[in-house]
Protein chains: 2
Amino acid sequence: MFEVLAEPNRRAILSLLVSSQRSVGEIERQLRMPQPTVSKHLRVLREAGFVESTVDAQRRLYRLKPEPLQEVDAWLAPFRRFWSAHVDALERHLDRMDQSTPTKRKTRRRT
Amino acid sequence: MFEVLAEPNRRAILSLLVSSQRSVGEIERQLRMPQPTVSKHLRVLREAGFVESTVDAQRRLYRLKPEPLQEVDAWLAPFRRFWSAHVDALERHLDRMDQSTPTKRKTRRRT
DNA sequence: TCCTTATATACTCCATGGCGCATATACGTG
DNA sequence: CACGTATATGCGCCATGGAGTATATAAGGA
């Protein structure tokens with residue numbers, strides 16, 4: 001999942017599709033990348049469930065599927081808790097930097 | 001950034017650090033990976049700003065830094081809008097699947 | 001049917017990156 | 001200062017994956 005997103009062109013395709021579905025040719029033109037490249041990346045995205053396609057004459061219309069990105073979002077959840085919990089920690093940190101009153105630290109942090 | 005996250009061991013390290021900081025040895029033991037591997041991944045994570053370390057005798061204590069993951073979170077934002085907007089779209093889709101009344105589609109989709 | 005458009009696939013080349021192993025560096029301790 | 005512990009780095013090997021080029025497949029139109 002993250003490997004799929006690691007490729008810049010693929011992220012570009014996803015970002016392009018977020019507004020509306022597109023044909024391969026449209027993606028090719030808007031992102032200025034060769035057609036085989038687009039098709040290959042679409043294949044990867046499709047097999048990973050990031051996009052799906054429907055046939056429209058000779059065109060294929062590709063559109064986003066939410067699930068994989070939702071999983072990424074879910075993976076991020078614990079870290080979101082982490083960084084919101086550390087808004088306070090920053091304050092505590094700044095407090096700790098106040099070495100001018102070096103009283104014995106009582107809230108000692110466990111390792 | 002996504003390339004850094006593409007590596008499973010690195011994600012494991014991050015997930016481990018979310019609860020508290022750890023030394024290299026602790027990570028090594030808890031994730032059952034050889035020490036050079038841990039150090040190398042930590043290097044990548046450090047250079048990408050995902051973690052930072054402080055010296056504690058011969059140990060290095062590594063802890064999370066929120067910024068890069070917050071960027072990932074930010075990248076995800078437009079897609080979040082997309083999938084919440086498509087709760088309705090799902091209903092419309094199911095509606096469209098009702099092929100039992102195949103009248104000429106009037107809401108023809110623009111490309 | 002032939003030609004054009006649209007998309008997918010096959011193949012080769014090359015760069016990148018992870019791993020294992022050995023080794024270097026740094027610090028604390030007897 | 002010698003030794004053990006903790007961590008970092010260097011090197012060689014190998015697999016993976018992206019780019020480019022050529023070609024295959026499929027559908028529409030004259």
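In the text below, chain A, chain B and the rest are named by the order of the sequence lines, each starting its count at 1.
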Is it true that A/Glu47 and A/Arg43 make a salt bridge, defined as a side-chain N closer than 4.0 Å to a carboxylate O? yes
Which residues share a side-chain hydrogen bond (donor to acceptor under 3.5 Å, both in side chains) with B/Arg81, sequence neighbours left out: none
Test side-chain hydrogen bond (donor to acceptor under 3.5 Å, both in side chains) applied to A/Tyr62 and A/Arg46, A/Arg22, A/Glu52, the passing residue: A/Arg46
Rounded to 10 degrees, the angle between the two terminal axes of the helix from C/dT1-D/dA30 to C/dG30-D/dC1, each from five pairs: 10°
In whole Å, what is the span from the [atom1] atom of [X] to the [atom2] atom of [N]?
X       : N      : atom1 : atom2 : answer
B/Leu31 : C/dC19 : CG    : C1'   : 16 Å
A/Arg32 : D/dA19 : CZ    : P     : 17 Å
A/Met33 : D/dA19 : CE    : P     : 8 Å
B/Gln58 : D/dA6  : CD    : P     : 7 Å
B/Ile27 : D/dT7  : CD1   : P     : 9 Å
B/Leu61 : D/dA6  : CG    : C1'   : 12 Å
B/Arg10 : C/dT16 : CZ    : C1'   : 12 Å
A/Tyr62 : C/dA6  : OH    : P     : 15 Å

Applying side chain to side chain contact (heavy atoms under 4.5 Å, CB included), run through B/Val4 and B/Arg10 and close with a yes or a no. CA-CA 7 Å; B/Val4 172; B/Arg10 285 197 287 262; 3.8 Å; yes
Would you say a side-chain N or O of A/Ser23 is under 4.0 Å from OP1 or OP2 of C/dA6? no
OP1 or OP2 of D/dA6 under 4.0 Å from side-chain N/O of B/Arg59: yes
Using a 4.5 Å cut-off on heavy atoms from C-beta on, say whether the side chain of [Y] contacts that of [X].
X       : Y       : value
B/Leu16 : B/Ile27 : yes
B/Leu69 : B/Leu5  : yes
A/Phe79 : B/Pro66 : no
A/Ile13 : A/Val51 : no

Taking the minimum atom-to-atom distance to the side chain of A/Glu7, which one of D/dG18, D/dG17, D/dT21 wins? D/dG18
For the side chain of B/Gln35 and the base of D/dA8, is some donor closer than 3.5 Å to an acceptor across the two? yes
Of A/Asn9 and A/Ala57, the one whose closest DNA chain D nucleotide lies more 5': A/Asn9
Which comes earlier along DNA chain D counting from the 5' end, the contact point of A/Arg60 or that of B/Arg60, where each point is its nearest nucleotide? B/Arg60
Considering only heavy atoms, which members of residues 39-46 of chain A lie under 4.0 Å from some atom of DNA chain D? A/Lys40, A/His41
Classify the side-chain pair A/Arg80/B/Gln70 by whether it contains a donor and acceptor separated by less than 3.5 Å. no
Establish, from distance only, whether the side-chain atoms of A/Arg63 and A/Thr54 form a donor-acceptor pair under 3.5 Å. yes
Counting any heavy atom closer than 4.0 Å, what does A/Pro34 reach on the DNA or RNA strands: base, sugar-phosphate only, or nothing? sugar-phosphate
